[in-house]
Protein chains: 4
Amino acid sequence: MSKASPHRRVAAEKPRLPELPARRGAYAVVLDAALRLFAERGYGGTSVRDIATVAEVQPATLYAHFPSKAHVLAELVRIGHEVHQQRFREALLEVQPAPRLQLAAMVRAHVSMHADYPMLAVVANAELHALPAELAAPALQLRRESEQLLLEIVERGVRLGEFSVAQPWLAVAAIGSMGLRVANWYTPDLGMSADAVADAYVEFAWRIVGAKPQ
Amino acid sequence: MSKASPHRRVAAEKPRLPELPARRGAYAVVLDAALRLFAERGYGGTSVRDIATVAEVQPATLYAHFPSKAHVLAELVRIGHEVHQQRFREALLEVQPAPRLQLAAMVRAHVSMHADYPMLAVVANAELHALPAELAAPALQLRRESEQLLLEIVERGVRLGEFSVAQPWLAVAAIGSMGLRVANWYTPDLGMSADAVADAYVEFAWRIVGAKPQ
Amino acid sequence: MSKASPHRRVAAEKPRLPELPARRGAYAVVLDAALRLFAERGYGGTSVRDIATVAEVQPATLYAHFPSKAHVLAELVRIGHEVHQQRFREALLEVQPAPRLQLAAMVRAHVSMHADYPMLAVVANAELHALPAELAAPALQLRRESEQLLLEIVERGVRLGEFSVAQPWLAVAAIGSMGLRVANWYTPDLGMSADAVADAYVEFAWRIVGAKPQ
Amino acid sequence: MSKASPHRRVAAEKPRLPELPARRGAYAVVLDAALRLFAERGYGGTSVRDIATVAEVQPATLYAHFPSKAHVLAELVRIGHEVHQQRFREALLEVQPAPRLQLAAMVRAHVSMHADYPMLAVVANAELHALPAELAAPALQLRRESEQLLLEIVERGVRLGEFSVAQPWLAVAAIGSMGLRVANWYTPDLGMSADAVADAYVEFAWRIVGAKPQ
DNA sequence: CATGAATGAGGTTTCATTCAT
DNA sequence: GATGAATGAAACCTCATTCAT
């Protein structure tokens, strides 16, 4: 399919991919083209020819770098989840062990990742279902771990009396969902920094879990 | 494409479509099949042949009722938005004019719609981008109106001193996003009623906007 | 196919069909619609639905009057050849037995038929090949007879010393071809009567066979 | 459609296409197959699969060389008109400026082209109407120019007193029509050379315009 | 590593036709 | 006699992928 979609699924245009140190040339161009197209039209709405055209490469060239179209998506999904996990890891390493601060650090990481790499986030979220089971498994594992981590923080906050929320897992679902969707509408053109959005969402998260002031 | 997706995009199996009074026969069967398939595999991942097979009709029969595959999606998107709007309308008609109650009614309508018709909601949200502009326009218009309505309620709450939130539009974005995602994970099998989920989300929404107790 | 052709295959719009005494109703409407469409787009470029649409009838109705699409064409071809033959017959019955006058009468009949029923003539000529052998046979027979008749007239003229042409059969081919093509370009809008065209073509025919003056 | 037509639209079998210097392989094979099938069954009566089968390639291969079925026809129509124009051009360049000789040269070129490439001529004439406007335009333009050229020769002959014909444009129509139809019946199997046919038609053309002897 | 050409399968849609009403 | 709905086949075309060069 080659028609452009009439209404954007992602508001922002860039940045698209984080630095991919070791990989240059056709690999990077193809990945970048696929990212843009999968984000805009979805995996099923994008043909290998579409990708090759945007990448200014022949369709056959794609197969020198990826075993199949699905593997291109798999690679984008992997990168997306890796970036997400990396931000989570850094956030945890640098934060004091207070639930209130831990939650803030996680939400900030979550939201800013979705604002900084919106296309990557949309593809990793919305096109995951297009992957065959074995290619999707690693991403699903990371997702479960992240959610579990967030849940443990919230439950610990509740146990310590710092948070007050009836069903922590529902709060986690709500907080996660809030952040996911940022990828769809955030763009620097809004005149608001990604940090400012993250700040606001941290406040929302605190409120949802009933965090005590201070 | 005819391979089954390995991980569910929607947890619930039913109910799928609201009563479509006057329409019976192939029209309803096709629509129901398309709903299930679009929800599971996406529009681009579903072929007309797939739909026909599930509906137990010939592909040609589909074209006696819909001008194209896109029009099948358009009809599902239309129905989804109509149900959503209908719930919003009823909620508003029956509620006291207090912002706190209005917000509660809207969130309850929003969440319960996504829990009651999860497939319809997922298709209407996640596959809207696959529609050509002219078919997507009515849904986009309804979306803007719903969001505007929610925003006005929150802003009024702030003006009246009942709510306390720095950027009402961000709060609206967060609240809306929370509810959207319910469609992906809710199923009665969780042992939790849709009403109970809605109750919890109403509480979250109140907290996000800093609603004063009472 | 339903797109209109961009350049006319027949210049004239009407008249289309001679009076069909005994047949009224759907039969006549279908035949008239098919005539127009076959003339403009050809048999292969016209669908049964196209015919039904123009005839303002359901496709199924067509099958109450014709066993198949091919039989609709066969009927038009039959009528076309019948009209042609009828004109030839009348021409012969009313003419003096001089080759010069006989040739004139035949050419006049041939040309005026193509000018009076251009759509019918174009369909009978240009779409004959689309008919299966058994449906085309009667028309092919009539064609051979007409040609043979013309050939005999020319050969007799040569024998009697009234015509002078080396290869009578080539002259007949040329004279017949000239007249056939009139159907494509003649229209009363040209400001010239069909009779005037026929007069001119009679003169051409005389010249081709080298008819002695008087 | 794959049934063979029962009565030939073109008597001759070959030669079919002029030398296409630079083009070999699938392009040429497809074009040759399409020429034969379009000539026999018409554009609407020939499927892409039919062409691919005769060309001994896959249908998909056709689309590596032509954007659509219509473009295959367009290419044939283009080649046909180019050959015709080329013959006209050569004829004019080599002839003395006497109207009588000019007319002879043109008619000879016209007729011999239709006898030498009968399939190409039939397709270019009889299937032109199946092309969308933008693809048909160049051919229509060439046609108008050829006709205009012939008309100017006849009118000049009349002015110079070498020809005597009341309506030169009608004579041109008749002469052109005569030649067109040669493509339908001529075949070397008749035992008559294309040149001999052309000679006869030159004589007919002279007679039609009333050319003075010598 | 990149490519142009080819392919078999399958995409969406239209076809001529039938049949119960 | 007319129809609305259905159908199996086939229409045109695009798909992801391969391979010799």
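Fair warning: this is a prediction, and the values are worked out from it, not measured in the lab. Naming: A, B, ... by sequence-line order, numbering from 1 per chain.
Although no hydrogens or angles enter the test, the distance criterion places no donor-acceptor pair under 3.5 Å between the side chain of D:His71 and the main chain of D:Pro67. Side-chain N or O atoms of A:Asn125 include one that pairs as donor or acceptor with a backbone N or O of A:Ala121 at under 3.5 Å. In this structure a side-chain-to-backbone donor-acceptor pair under 3.5 Å is missing from C:Arg9 to D:His129. Between the A:Arg78 side chain and the A:Leu73 main chain, no donor and acceptor come within less than 3.5 Å of each other. Formation of a donor-acceptor pair under 3.5 Å by the A:Tyr43 side chain with backbone atoms of A:Ala126 is not found in this model. In terms of modelled atom types and a separation under 3.5 Å, the side chain of C:Tyr27 and the main chain of C:Leu62 share no donor-acceptor contact.
D:Val48 comes within contact range of the sugar-phosphate backbone alone, with a heavy-atom separation under 4.0 Å but no base atom that close.
Rounded to whole angstrom, the span from the CG atom of C:Leu62 across to the P atom of E:dC15 amounts to 14 Å. Rounded to whole angstrom, the span from the CG atom of A:Leu73 across to the P atom of F:dA16 amounts to 13 Å. Rounded to whole angstrom, the span from the CD1 atom of B:Ile51 across to the C1' atom of E:dG11 amounts to 12 Å. One can place CZ of D:Phe66 at 16 Å from C1' of E:dG4, the figure rounded to the nearest angstrom.
Legend: residues meeting side-chain hydrogen bond (donor to acceptor under 3.5 Å, both in side chains) with D:Gln58, ordered by chain and number and at least two apart, are absent.
Neither OP1 nor OP2 of F:dA5 sits under 4.0 Å from any side-chain N or O of B:Thr61. Within the 4.0 Å cut-off from OP1 or OP2 of F:dA6, at least one side-chain nitrogen or oxygen of B:His65 is found. Phosphate proximity of F:dA11 to D:Ser47: present, with a side-chain N or O under 4.0 Å from OP1 or OP2. Between C:Gln58 and F:dG4 there is a side-chain polar atom (N or O) within less than 4.0 angstrom of OP1 or OP2.
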_Dot-bracket encoding of pairs in DNA chain F, which uses [ ] for pseudoknotted crossings and | for another strand, Watson-Crick or G-U under 3.5 angstrom_ = .||||||||||||||||||||
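Residue-to-nucleotide proximity on DNA chain F shows that, of B:Val57 and C:Glu56, the 5′-proximal contact is made by C:Glu56.
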Every protein N/O within reach of nucleotides 18-21 of chain E N/O, cut-off under 3.5 Å:
none

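There is a side-chain donor-acceptor pair under 3.5 Å between A:Ser47 and A:Asp50.
Counting heavy atoms from C-beta on, the side chains of B:Val30 and B:Thr61 never come closer than 4.5 Å.
The nucleotide whose nearest atom lies closest to any side-chain atom of C:Lys69 is, among E:dT7, E:dA16, F:dT7, E:dA16.
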